[in-house]
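Note on naming: letters A, B, ... go to the chains in the order of the sequence lines (proteins, then strands), and numbering restarts at 1 for each one. Being a predicted model, the structure only gives us computed values, none of them experimental.
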Amino acid sequence: MSRLITECIRESIKSVLHQLYPECPAAVPFTVDQTRERKHGDYATNLAFILSKKLRKPPQEIAEELLEALTSVFRGQAQLEVAGKGFINVFLEDVFLEPFLEEVLQEGDEYGTIAIGNGERVQVEFVSVNPTGPLHVGHGKCAAFGDSLAKILKRAGYTVEKEYYINDAGKQIDVLGLSLEARYRELLGKQAEIPSGGYYGEYLIGVARMLREERGDTLLEMEERDRNAFFRQYAVDKILLSIRGDLEDFRVTFDHWFSERTLYENGEVEGALDRLRDQQHTFEKDGALWLETTRWGDDKDRVLVRENGSPTYFTSDIAYHWNKWKRGFQRVIDVWGADHHGYIPRMRASMHALGLPENFLEIYIVQFVTLLRKGQPERMSTRQGEFIPLRNLIDEVGTDVARYYFLMRDPATHLEFDIEEAKKHSMDNPVYYVQYAHARIASVFREARKMGLDPERPLKTRYVFHGEREKELVKKAVYFPEIVRKSAQQGQPYLICNYLHDLAGAFHAFYNHHRILDQSEPERTAMRLRYCLAIRSVLRNGLSLLGITAPQTM
RNA sequence: GCGCCCGUGGCUCAAUUGGAUAGAGCAACGGACUACGGAUCCGUAGGUUGGGGGUUCGACUCCUCCCGGGCGCGCCA
């Protein structure tokens, strides 16, 4: 389990706080964090500003009062100063960093594991694309995000399960079956037409070919009801198979694939309806059954059961989330494409109607991707067939690059993805920049072994930092657990990307300014090898949270 | 029309969630050790944070009104 430097500093500050101001409540919400500028020290706290309101004294005065006590608490570990209008800056001594550096080396691949999740059971549901066509690039962004978020939450101490919800019921699937049937008939030289609102994509022709190969023309004689059911199921199975294959090549896997149809088959849709009726949140109008979602801020009430007696998609979705609750998850995360954001209010309302806790459902909205190719934007829409399959992107730029580009930004913002730029093997490309740092360390280790040196050998002396660059590098490396925490709390993998890029930069600078392997300076060489070992662990662990490889050579 | 998201150097994005003089990478320009991988490093230039008003010790961040862009507003899923 990795320790957090900021927590360490906070604890020391808290002890002083109790001595000096016993009247203050235990939980004063002050922050300790890295400074933006070197001259402000390594860490700074805004404690004096926070206390100023309670104590009715100017921040600067309070900071001065605190300084003496703090200085003695941190003696030998750090130097302190009051600066600005009341900031207390912390300048760490080298010895302070030593145990944290040792921790990286000891924990290795486990470094960065923290315990904020307390084993809480969390489910992340993402992608969940209708099995009516292949995955496109926008789905790829959702896939990378959900997968990485799950990894990060796991690292932060949550018990995480990943799930894909298969929408294998409803009208769209009926239309899909009919579309496949039309393609099948075409292949057999029969008159056929794809129904309106149907699926014209070429992939269905491929599916139809497989079908012809397996069954010849025997399906034409089937009874209509059986035939429809058969085409539906066949289309869903084959398309799901290809979706699963694409996801695997994108290194995205799921713990569960949950079928919407089973909710109907097991009576869970009825069960959810009963529950909603019992809670008195439904009413009948125009022959349909409604949920009064406006009660919780939706702009309209929503239909649960149509006039013709069949439940809406909304209803099965409520049943699905009720099912998640019954499975014992304390929190569920839904990752949705931006086109579904209008769906949020009714979904939240339905959670209230079921009587579930306020924070049970968390929804992340992933904005669209604009693919650029030589300045030309390429739009995508599943319905019109003018989409770019995720498969093509993987084939063109590779999984590492695609995942990094999807993850390097807040998913709530529109992403510009320039394919030509992403293909360049140069410093334009942040993925390679980070991976190169890792490969470089591997290369240094290969050289070291040739010289008979073992980077894993523990140090016999104390660490000494030769210059600011070295210290800077180590300081950044041991900040990793902090980044894992922030990233988990905010649900933001991009913080990991930014951090890794920054750490790689610090390493490249270090590498260019210092000779690591120097036979005339064996002790310094040993220390630097230890730093490299630590950086390698952090780079590796960080990349693994993104689902990106850490190569030995490039 | 209503709702949600977004607006930061020429381009793509940060800014520790209200903290100190708004930082990086591309692109531009100028440089780097006959040694560990030059896919690297060092430096220069570039800003009224879309605009106005407000809240306070302090605003890119919060409130309000405009402007511009994206998405949504089915008894579809």
- [ ] Report which part of the nucleic acid A:T31 touches: base, sugar-phosphate, or nothing (heavy-atom distance under 4.0 Å, all strands).
- [x] sugar-phosphate
Open item on the list: Between C1' on B:U8 and CZ on A:R409, what's the gap in Å once rounded to a whole number?
Closed with: 13 Å
Task: Side chain of A:A509 - closest among B:U40, B:A77, B:C42 - done: B:C42
Open item on the list: B:A77, OP1 or OP2 - any side-chain N/O from A:R306 closer than 4.0 Å?
Closed with: yes
- [ ] Check whether NZ of the Lys or CZ of the Arg A:R10 lies under 6.0 Å from the centre of the six-membered ring of A:F30 and within 45 degrees of that ring's axis.
- [x] yes
Task: Closest-nucleotide ordering on RNA chain B, the 5'-leading residue of A:R446 and A:R469 - done: A:R446
Open item on the list: At 4.0 Å (heavy atoms only), tell me whether A:D299 reaches a base, stays on the sugar-phosphate, or touches nothing.
Closed with: nothing
- [ ] With C1' as the reference atom in both, quote the distance from B:G54 to B:C13 in angstrom, rounded to an integer.
- [x] 30 Å
- [ ] State whether the aromatic ring of A:F87 stacks on the base of B:A20, taking stacking to mean ring centres under 5.5 Å apart and ring planes under 30° to each other.
- [x] yes
Task: Candidate nucleotides B:A77, B:G19, B:G72, ranked by approach to the side chain of A:D339 - the nearest - done: B:G72
Task: Polar contact flag, side-chain donor to acceptor under 3.5 angstrom, A:Y364-A:E362 - done: yes
Open item on the list: Ignoring hydrogens and geometry beyond distance, is the side chain of A:H341 in donor-acceptor contact with the base of B:G3 at under 3.5 Å?
Closed with: yes
Open item on the list: Parallel, tilted or perpendicular: which one describes the rings of A:F314 and A:Y343, with boundaries at 30° and 60°?
Closed with: perpendicular
TODO: Look at all strands and tell whether A:N89 reaches a base, only sugar-phosphate, or nothing, counting heavy atoms closer than 4.0 Å.
DONE: base
- [ ] Could you tell me whether the side chain of A:F510 reaches within less than 4.5 Å of the side chain of A:I516, counting heavy atoms only?
- [x] yes
Open item on the list: Heavy atoms only, 4.0 Å cut-off, all strands: where does A:R440 land among base, sugar-phosphate and nothing?
Closed with: sugar-phosphate
Open item on the list: I want to verify a distance call: between B:C6, B:U40, B:C75, whose nearest atom is closest to the A:T413 side chain?
Closed with: B:C6
TODO: Could you check whether A:A44 gets within reach of a base, just the sugar-phosphate, or nothing at all, counting any heavy atom under 4.0 Å?
DONE: base
- [ ] Classify the side-chain pair A:T282/A:E292 by whether it contains a donor and acceptor separated by less than 3.5 Å.
- [x] no
Open item on the list: Does a side-chain N or O of A:K300 approach OP1 or OP2 of B:G74 to a distance below 4.0 Å, or not?
Closed with: yes
Task: Closest listed nucleotide, where the reference is the side chain of A:Q367 and the choices are B:A39, B:C76, B:G70 - done: B:G70
Task: Derivation of the ring pair (Phe, Tyr, Trp, His ring centres under 6.0 Å) call for A:H501 and A:Y433 - done: CA-CA 7 Å; A:H501 194 266; A:Y433 187 82; 4.6 Å; yes
Open item on the list: If I pick the P atom on B:U16 and the same atom on B:G52, what distance separates them, to the nearest angstrom?
Closed with: 23 Å
- [ ] Check whether the side chain of A:Q490 and the base of B:U17 form a donor-acceptor pair under 3.5 Å.
- [x] yes
- [ ] For B:G10 versus B:A28, give the span between their C1' atoms, rounded off to a whole number of Å.
- [x] 10 Å
- [ ] Please check the phosphate of B:C41 (OP1 and OP2 only) for any side-chain N or O of A:Y433 closer than 4.0 Å.
- [x] yes
Open item on the list: Pairing check on B:G47: which nucleotide meets the Watson-Crick or G-U wobble criteria with it, both distances under 3.5 Å?
Closed with: none
Task: Given B:A77, B:C41, B:G37, the nucleotide with the shortest approach to the side chain of A:A439 - done: B:G37
Task: Nucleotide opposite B:G72 in a Watson-Crick or G-U pair, distances under 3.5 Å - done: B:C2
- [ ] Using a heavy-atom cut-off of under 4.0 Å over every strand shown, decide if A:Y494 touches base, sugar-phosphate, or nothing.
- [x] sugar-phosphate
TODO: Run the ring-centre check on A:F145 versus A:F126 and record whether the distance is less than 6.0 Å.
DONE: no
Open item on the list: If you assign each of A:Y43 and A:P311 to its closest nucleotide in RNA chain B, which residue comes earlier from the 5' end?
Closed with: A:Y43
- [ ] Take the protein atom CG of A:D502 and the nucleotide atom P of B:A14, then report the distance between them rounded to whole Å.
- [x] 15 Å
Task: Pair assignment for B:C62, Watson-Crick or G-U wobble, requiring both distances under 3.5 Å - done: B:G54
TODO: Using the P atoms only, state how far B:A59 lies from B:U55, rounded to an integer number of Å.
DONE: 12 Å
Open item on the list: Applying a 4.0 Å non-hydrogen cut-off, can you work out what A:H40 is touching in the nucleic acid: base, sugar-phosphate, or nothing?
Closed with: base
- [ ] Would you check if A:H414 stacks with the base of B:G70, given a 5.5 Å centroid limit and a 30° plane limit, both strict?
- [x] no
Open item on the list: Just to be sure I understand the rule, does A:D286 reach a base, reach only the sugar-phosphate, or reach nothing, if contact means heavy atoms closer than 4.0 Å?
Closed with: base
Task: Whether A:H513 stacks on the six-membered ring of B:A32 base, 5.5 Å and 30° limits - done: no
Task: Length of the CZ-C1' vector between A:F445 and B:C36, whole Å - done: 12 Å
Open item on the list: Whole angstroms only, please: what is the CG-C1' distance between A:L263 and B:A77?
Closed with: 14 Å
Open item on the list: In whole Å, measure the gap between the C1' atoms of B:U61 and B:A22 for me.
Closed with: 12 Å
Open item on the list: When the C1' atoms of B:G30 and B:G68 are compared, how many Å lie between them, rounded to an integer?
Closed with: 38 Å
Open item on the list: I'd like the P distance from B:A14 over to B:C6, given in whole Å.
Closed with: 11 Å
Open item on the list: What is the distance, to the nearest angstrom, from the CD atom on A:Q34 to the P atom on B:A20?
Closed with: 15 Å
Task: Plane angle bin for A:H281 and A:W296 - parallel if under 30°, tilted between 30 and 60°, otherwise perpendicular - done: perpendicular
Task: Base-pairing assignment for B:C41 (Watson-Crick or G-U wobble, both under 3.5 Å) - done: B:G31
Open item on the list: Roughly how many Å apart are B:G7 and B:U12, using the P atom of each and rounding to a whole number?
Closed with: 12 Å
Task: A:Y313 OH to B:A77 C1', straight-line distance once rounded to whole Å - done: 6 Å
Task: Closest listed nucleotide, where the reference is the side chain of A:N167 and the choices are B:A77, B:C57, B:A20 - done: B:A77
- [ ] Under a 3.5 Å limit for both distances, which nucleotide forms a Watson-Crick or G-U wobble pair with B:G25, could you say?
- [x] B:C11
Task: Base orientation of B:U17, syn vs anti, 90° cut from 0 - done: syn
TODO: Under 4.0 Å between any heavy atoms, over every strand shown, what does A:E447 touch: base, sugar-phosphate, or nothing? Just pick one.
DONE: sugar-phosphate
Task: Distance, rounded to the nearest Å, where A:F510 contributes CZ and B:C42 contributes P - done: 14 Å
Open item on the list: Could you tell me how far apart A:F49 (CZ) and B:A20 (P) are, to the nearest whole angstrom?
Closed with: 10 Å
TODO: Pick base, sugar-phosphate or nothing for A:A288, based on heavy-atom distances below 4.0 Å to the nucleic acid.
DONE: base
- [ ] Measure the shortest side-chain to side-chain distance between A:Q34 and A:E482 over non-hydrogen atoms and say whether it is less than 4.5 angstrom.
- [x] no
Open item on the list: Taking the minimum atom-to-atom distance to the side chain of A:N130, which one of B:C57, B:C36, B:A77 wins?
Closed with: B:A77
Open item on the list: Once you measure the plane-to-plane angle for A:Y479 and A:Y43, does it fall in the parallel (<30°), tilted (30-60°) or perpendicular (>60°) bin?
Closed with: tilted
